[in-house]
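Comments concern the structure below.
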Amino acid sequence: METVQALNQHERMFLAGCMKNLILTDGSIETNEIEGLDDVIDALRFTDFDERLTKFEEQTHTWEEFWKEASQVDSEETRSFIIAVLEEMAVKDALYQRAERKLIDDLRAHWNKPA
């Protein structure tokens, strides 16, 4: 897994929000999910995760705002990186249930829409 070092602050903010949403999608938080999140944060060297997540939560309160933030991630490489991180989290922590899969698939579809 790469690190978040190449991402700008907005991209890191959106990734942090996606990571949280992936965990919350099924409506419950398991201990292994929190431990898995910590492992991913460490592996990504995501040292400002808490700060970026706070920023995401301050400005993103609805799904409409979530998709607006997603639209501001312009780089195809960054989009692929975010999807890869979410998929790795889902597989690693056995989060690949229907709800988690839908979040990842919806994000992929949103980014693949014609402009």
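This is a predicted model, so every value here is computed, not measured.
With values rounded to the nearest 0.5 angstrom, Glu88 atom CD is found 10.5 Å from Asp39 atom CG. Rounding to the nearest 0.5 Å gives a distance of 4.0 Å between CG of Leu37 and CD1 of Ile23. The structure places CD1 of Ile82 at 6.5 Å from CD of Glu11, a figure rounded to the nearest 0.5 Å. In this structure, Asp48 CG and Gln9 CD are separated by 7.0 Å, a value rounded to the nearest 0.5 Å. Here the CG-NZ distance, from Asp50 to Lys55, works out to 15.5 Å after rounding to the nearest 0.5 Å.
Between Phe46 and Ala16, the closest heavy-atom pair is CZ-CB, 4.0 Å. In this structure, Val85 and Leu15 approach most closely via the heavy-atom pair CG1-CD1, 4.0 Å. Residues Ser71 and His110 come closest through the heavy atom pair OG-NE2, 2.9 Å. Between Leu107 and Ala70, the shortest heavy-atom contact is CD1-CB, 4.0 Å. Among all heavy-atom pairs drawn from Ala90 and Ile104, the shortest one is CB-CD1, 4.2 Å.
Classified by interplanar angle (parallel below 30°, tilted 30° to 60°, perpendicular above 60°), the ring pair Phe14/Phe66 is tilted.
For the pair Trp67 and Asp106, the minimum side-chain heavy-atom distance is below 4.5 Å. In this structure, the side chains of Gln59 and Met13 come closer than 4.5 Å at one or more pairs of heavy atoms. Val4 has its side chain out of reach of Arg45: every pair of non-hydrogen atoms, C-beta onward, lies at least 4.5 Å apart. Side chains of Met19 and Phe49 form a contact here, defined as non-hydrogen atoms less than 4.5 Å apart.
Shown here are the side-chain contact (heavy atoms from CB on, under 4.5 Å) partners of Glu64, two or more places apart in sequence or in another chain: Thr62. Scanning for side-chain contact (heavy atoms from CB on, under 4.5 Å) contacts around Asp42 gives an empty result, with sequence neighbours left out. Take Lys20 and apply the side-chain contact (heavy atoms from CB on, under 4.5 Å) test, not counting sequence neighbours, and it matches Leu24, Leu53, Glu57. For the salt bridge (charged side-chain N to carboxylate O under 4.0 Å, His left out) test, residues two or more places apart in sequence or in another chain that qualify with Asp105 are Arg101, Arg108. Listed by chain and residue number, nothing satisfies the salt bridge (charged side-chain N to carboxylate O under 4.0 Å, His left out) test with Glu51 (two or more places apart in sequence, or in another chain).
Counting only residues at least two apart or in different chains, salt bridge (charged side-chain N to carboxylate O under 4.0 Å, His left out) contacts with residues 65-85 are absent.
Here the side chain of Arg12 pairs a donor or acceptor atom with the backbone of Leu7 at under 3.5 angstrom.
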